[in-house]
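Accompanying notes for the structure given below.
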There are 2 protein chains.
Amino acid sequence: MIDLRLLEHLCAFADCGTLSGAAQRLHTSQPTLTRSMHRLEELLGVPLFIRGRNALTLNETGRKAAEYAAYVLAAGADFEEKVRAYDRSLHTLSIGYCAPVPQTVITPLINTLFEGMTISADMTDDRLFCEKLLNRTYQLAVLHEPPDDPRIFHAVCGHEDLYISVTPDSPLASRAEIRLRDLDGLSILLLSRIGFWETMHRTGTPHARYLLQTDRASFTEVAAGSTYPVFSSGYYLRRGESIPGRINIPITDPSCHTDYYLACLASEKDRYAPLFSRIDAHTIW
Amino acid sequence: MIDLRLLEHLCAFADCGTLSGAAQRLHTSQPTLTRSMHRLEELLGVPLFIRGRNALTLNETGRKAAEYAAYVLAAGADFEEKVRAYDRSLHTLSIGYCAPVPQTVITPLINTLFEGMTISADMTDDRLFCEKLLNRTYQLAVLHEPPDDPRIFHAVCGHEDLYISVTPDSPLASRAEIRLRDLDGLSILLLSRIGFWETMHRTGTPHARYLLQTDRASFTEVAAGSTYPVFSSGYYLRRGESIPGRINIPITDPSCHTDYYLACLASEKDRYAPLFSRIDAHTIW
DNA sequence: TAACATTACGTTAGCCGTAACGATA
DNA sequence: TATCGTTACGGCTAACGTAATGTTA
């Protein structure tokens, strides 16, 4: 059973070329290093050094030993790292959201169902969500398209419709419904960090000029105090949280109506069963 | 920097399921084990056990940790193993000989040139000698055919001719020369452990009945006291070491005349240069 | 003389085993 | 009551740092 400190000392010496140098680097004394090197040779029963009267050099075996030692040290460090990471992985739940509304709806559910766990939520376009589930970056993900992979389990967890909110004096205000192309070219107020919606907007209205707001407070303030059209979610409108003085017109494009799919690794389905049983596929948020 | 003993203790506990069992296996006391486990948890900052009032069980993290620990321990053991093996490899010279005569000739040379090294000689058919040089089973090899691999350096190091030694009353005694097929079907006395010669004999005289002698002393004794023909090497005949009362007749088959090739890894050519410079390609042993 | 490795020596941190304790089946 | 894990305590090993020694450039 070898003492890893000996290996550390050996590696330091191999790097520095001198015991005093190594001692400095390791914040210890030369005698300690001398002893370690002797102990190492004795333990292995093999000479590792060429000893001059006042110079110490690694011999061929010593160089190989230092090389192997680095590997063992790495394994030891990895051990601590991996164990801590594993423990952390048991106590953290990383979730990828493709849009803000699912986050708003599902986060409280998760908080109550997995109490004591650290929840880490990610908000981004969901193109890579399957990979991120498979490589364990996420334990859960909410996508706007059903994942097509037998290793991934999923269930519909909700639905969202998009509206456009305009001021009464807007030329669009009288319309019963709107298409995305009607908005193309306009200046539109938009929250940033809205997941796949951003990609959808950019492709659906390539010539619109988006005025990005990074936080919801300033977004609502600017929206209330300006005439820029803004996108609104049916989820908020249904809860009465529309912007004061705005008319909300439904958008007819299919891309503005989406189902959401809650997904996890099929192998971890059981762990998240309580969550899946609580989501109601028929609720239109 | 983790103490490998802690990992050993953890693995023992994981195997035994109980601290007392692990303590027995490790020839130590339960308190030591208790302390090790606590220390490990403290060091990692992560719980590894489920503690009942008088029962200790690994939790999920603990099981993973034990798994990793086994790996680290193996790396540590490997370290000692590998370093010792490397040192040994520097001090031992393994040589493959395809025939006894090259061994007789070259061994003393090697002993003087590489004094202090452990010489390990192998005597066998040389079909695999190239591979064995490449995978470092041998550092040197003597083959009876030139190795055809750019990674292997070689030089002709000698030549051997085979004779057949018969008693004067043998029907073959009057012949000036002999072919192998003249011997096929006879009972022939043969030393074992003669490298590729054995294969050669078996194929050259498939119907001969070979009386194998495992050591040279009994071989010469039986040879002198019987009328069985025996193969003799030109090397020994030229040194006057023929069997008393025998007539030595040259064998004309090309397979009974061979050059020998001393070979080593091209990358180690320099290390064995003194040896190569001492072998004289023009000497017919 | 400065830098190096090694040896000597006294100190101490920390680990171990014995023993005692508490809990459980 | 036997087995298990934990805690307490005393002894001792073994590693450390300081200081001294010897050698080299």
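A note on names: the letters A, B, ... follow the listed sequences, proteins ahead of strands, and every chain is numbered from 1.
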Fill in the blank from the handout: Quick note, salt bridge (Lys or Arg N to Asp or Glu O under 4.0 Å) partners involving residues 26-46 of chain A, not counting sequence neighbours, are A/Glu41-A/Arg51

Completion exercise
From CZ of A/Arg39 across to C1' of D/dT13 the rounded distance in Å is 12 Å

Exercise for the section: Starting at atom CG of A/Leu40, determine the distance to atom C1' of D/dA15, rounded to an integer number of angstrom. Expected result: 16 Å

Side chains of residues 67-82 of chain B: which donor-acceptor partners sit under 3.5 Å, not counting sequence neighbours?
from, atom 1, to, atom 2, distance (Å)
B/Tyr71, OH, A/Tyr71, OH, 2.9
B/Glu80, OE1, B/Arg84, NH2, 3.2

Exercise for the section: Can you run down the salt bridge (Lys or Arg N to Asp or Glu O under 4.0 Å) pairs that involve residues 17-31 of chain A, sequence neighbours left out, and say none if there aren't any? Expected result: A/Asp15-A/Arg25

Practice task
Please state whether the phosphate of D/dG17, meaning OP1 or OP2, lies under 4.0 angstrom from any side-chain nitrogen or oxygen of A/Thr28.
Solution key: yes

Exercise for the section: Would you give a per-nucleotide map of nucleotides 1-9 of chain D, 5' to 3', where B means the base has a protein non-hydrogen atom under 4.0 Å away, S means only the sugar-phosphate does, and - means neither? Expected result: --BBSBBB-

Exercise for the section: Measure from CG on A/Leu6 to C1' on D/dA14 and round the result to the nearest Å. Expected result: 12 Å

Fill in the blank from the handout: So the salt bridge (Lys or Arg N to Asp or Glu O under 4.0 Å) pairs with at least one residue in residues 132-143 of chain A (sequence neighbours excluded) are A/Arg136-A/Glu268

Handout entry: Ring centres under 6.0 angstrom apart (A/Phe153, A/Phe276)
Key = yes

Handout entry: Atom-to-atom span, CG of A/Asp3 to P of C/dG14 - whole angstrom
Key = 14 Å

Problem - Inter- and intrachain pairs under salt bridge (Lys or Arg N to Asp or Glu O under 4.0 Å), touching residues 107-116 of chain A, at least two apart - result: none

Practice task
Using whole Å, report how far NE2 of A/His27 lies from P of D/dT18.
Solution key: 15 Å

Practice task
Return the value, rounded to whole Å, for the distance between atom CG of A/Leu58 and atom C1' of C/dA5.
Solution key: 14 Å

Practice task
Indicate, with a heavy-atom threshold strictly under 4.0 Å, whether A/Ser29 touches base, sugar-phosphate, or nothing.
Solution key: base

Problem - Whole-Å gap separating P (C/dC15) and CG (B/Leu26) - result: 16 Å

